[in-house]
A.B. asks: 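What follows is a structure written as structure tokens; I'll ask about it next.
Numbers restart at 1 for each chain; the letters A, B, ... are given by sequence-line order, proteins then strands. These numbers come from a predicted model, not from an experiment.
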Protein chains: 2
Amino acid sequence: MIDNKALLFINFINKYVDLNEIEEKQILEKAKIRKYLKGQYVVQQGDICKHSGFVISGCTRTFYVDDNGEEHIVMFSIENWWASEIGSFVSQKPSDYNVQCIENTELIQLSFEDQELLFRDIPKLERFFRLILEQAFVASQKRIVSSFSLSAKEQYIQFTKQYPEIEKRIPQYMVASYLGISKEFLSKIKNELKM
Amino acid sequence: MIDNKALLFINFINKYVDLNEIEEKQILEKAKIRKYLKGQYVVQQGDICKHSGFVISGCTRTFYVDDNGEEHIVMFSIENWWASEIGSFVSQKPSDYNVQCIENTELIQLSFEDQELLFRDIPKLERFFRLILEQAFVASQKRIVSSFSLSAKEQYIQFTKQYPEIEKRIPQYMVASYLGISKEFLSKIKNELKM
DNA sequence: TAAATATGTTAATCTAGTTTAACATATTTT
DNA sequence: AAAATATGTTAAACTAGATTAACATATTTA
């Protein structure tokens, strides 16, 4: 399938493992590009996530709506990152999270079935995902530690250093939600940092 | 190598993938049992984690000492779980965390080099770790959400439901550290729950 | 360009959880 | 079994961050 945007995806995988041409072709045959408008949902809480997704362009947020109706953002995904709800995808059970596009967004998607077939045919792809998941897990653990050992201000500073591109593209109240603080308090923090 | 405790490890892997006898033998040849006393460190902050470890018996805690000298526990590992510092192990860079035994503990260990060799020879092992890491990542994300959307009391209740065996074996102040609250406040919460 | 909607700010009041410190109870060591 | 160490409790004073509410500024839409 597909125009050459899917090559971004192949290149990304090739940073971790060495695909040969046959393998690249096998993957490209299954991968589909899908375009979403700003505001559209890739996955909704309660739905089963049928596709894994790689961001070609745009930006998504993954968030959880708690029992009080409050939103908590657990991750942002921009170019060259994953934007699927892994928990639901791997278990094929209803998702706990929403994945919403906060810009017009293009994803490369693989269906659950196709991905399983590819895993069977291309063991390197298991390796690729193993490596990606190691990174993701380490980052997630680090975030837990930060939220326990740093003040809100320190966490905000760390966030701006770690993800400067994300911070520029995202409304401030979403940054607050990601950091687990109120938007008013983030506003106060930013004001303090200016002075 | 080894007495039959290592079979626990093989059985655990076989819950996720289907090893044949040759593969089982290959793994058992590399796997070493190591015993630690209560209080001993498997990995120390700043050291490079040379082995991945699977818990045969006992219990470990993985914790981070912040700039104020305060300890923050990021995970406990009991029987049939992993007890290595994945971030340091996979990157072979100095660890951000300590892994300490809080009971006398027996681990099955694989050296980084041996594990890489096994990955090369047994692609199923990549799959196994991919599956394990998916679970770990999902659990880690869930913990972030909980810490943002639940009160300390609710988080404690969730913890006791999710890990009743762990709670029984671990001093209360470590549970508090894991939950990111002070030991005094946990004491107060437990008192409230009694009444 | 006016209206509507989305995003950001400020300040007062409130609260969940921290800190400190003194004491209580287990458990381990001598 | 006494002493020492590790763990747990209670209560008062304190603080980081939440909540509320009113207003300000961008951005989008009609």
A.B. asks: Hey, does G180(B) reach any base, or is it just sugar-phosphate, or nothing, if we go heavy atoms under 4.0 Å?
C.D. replies: sugar-phosphate

A.B. asks: Does anything in residues 52-66 of chain B pair up under salt bridge (charged side-chain N to carboxylate O under 4.0 Å, His left out), and if so which pairs, sequence neighbours excluded?
C.D. replies: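 The answer is R61(B)-E71(B).
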
A.B. asks: Could you give all pairs that pass the salt bridge (charged side-chain N to carboxylate O under 4.0 Å, His left out) test and reach residues 74-84 of chain B, with sequence neighbours left out?
C.D. replies: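 For residues 74-84 of chain B: E79(B)-R169(B).
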
A.B. asks: E192(B) CD to dG17(C) P: how many Å, rounded?
C.D. replies: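 Nearest whole value for this atom pair: 10 Å.
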
A.B. asks: Would you name the heavy atoms of I48(B) and P94(B) that are closest together and state the gap between them?
C.D. replies: CG1-N, 3.7 Å

A.B. asks: Residues in ring-ring contact (aromatic ring centres under 6.0 Å, His included) with Y97(B), at least two apart?
C.D. replies: none

A.B. asks: Does R130(A) have any side-chain hydrogen bond (donor to acceptor under 3.5 Å, both in side chains) partners at least two apart in sequence or in another chain, and if so, which?
C.D. replies: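 With neighbours one apart ignored, the set is E134(A), E126(B).
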
A.B. asks: Using Watson-Crick and G-U wobble pairs with both distances under 3.5 Å, what is the 5'-to-3' dot-bracket string of DNA chain D, with [ ] for crossing pairs and | for pairs outside the strand?
C.D. replies: ||||||||||||||||||||||||||||||

A.B. asks: Show me the pairs that pass salt bridge (charged side-chain N to carboxylate O under 4.0 Å, His left out) and involve residues 11-27 of chain A, at least two apart or across chains.
C.D. replies: E23(A)-K124(A)

A.B. asks: Does any residue of residues 57-73 of chain B have a heavy atom under 4.0 Å from DNA chain C, and if so, which ones, in number order?
C.D. replies: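 Heavy-atom cutoff 4.0 Å gives no residues at all.
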
A.B. asks: Treating Ile, Leu, Val, Met, Phe, Trp and Tyr as nodes and any side-chain heavy-atom pair under 4.5 angstrom as an edge, say whether L179(B) and L150(A) lie in one connected cluster.
C.D. replies: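 In one cluster with L179(B): L150(A), no.
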
A.B. asks: Keeping the roles fixed (side chain from S91(A), backbone from G87(A)), state whether a donor-acceptor pair exists under 3.5 Å.
C.D. replies: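 Indeed, once roles are kept as given, a pair shorter than 3.5 Å links the two residues.
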
A.B. asks: Mark yes or no: R143(B) above the aromatic ring of Y178(B), with NZ or CZ under 6.0 Å from the six-membered ring centre and no more than 45 degrees from the axis.
C.D. replies: yes

A.B. asks: Under the side-chain hydrogen bond (donor to acceptor under 3.5 Å, both in side chains) rule, collect the residues that match up with K153(B), sequence neighbours excluded.
C.D. replies: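 Checked K153(B) against side-chain hydrogen bond (donor to acceptor under 3.5 Å, both in side chains); matches are E192(B).
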
A.B. asks: Under the side-chain hydrogen bond (donor to acceptor under 3.5 Å, both in side chains) rule, collect the residues that match up with Q115(B), sequence neighbours excluded.
C.D. replies: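 For Q115(B) the side-chain hydrogen bond (donor to acceptor under 3.5 Å, both in side chains) partners, ignoring immediate neighbours, are S52(B).
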
A.B. asks: Sort and list the pairs that fulfil salt bridge (charged side-chain N to carboxylate O under 4.0 Å, His left out) and have at least one residue in residues 176-185 of chain B, not counting sequence neighbours.
C.D. replies: none

A.B. asks: Polar atoms only, N or O, under 3.5 Å: list the protein pairs with nucleotides 7-10 of chain C and their distances.
C.D. replies:
from, atom 1, to, atom 2, distance (Å)
dT7(C), OP2, Y173(A), OH, 2.5
dG8(C), OP1, Q172(A), N, 3.0
dG8(C), OP2, Q172(A), N, 2.9
dG8(C), OP2, Y173(A), N, 3.1
dT9(C), OP2, Q172(A), NE2, 2.6
dT9(C), OP2, S187(A), OG, 2.9
dT9(C), O5', S187(A), OG, 3.3

A.B. asks: Does anything in residues 150-162 of chain B come within less than 4.0 Å of DNA chain C? Heavy atoms only, and list the residues if so.
C.D. replies: S151(B), A152(B)

A.B. asks: Check whether the ring centres of W82(A) and F129(A) lie less than 6.0 Å apart, and answer yes or no.
C.D. replies: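 Yes; F129(A) has its ring centre under 6.0 Å from that of W82(A).
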
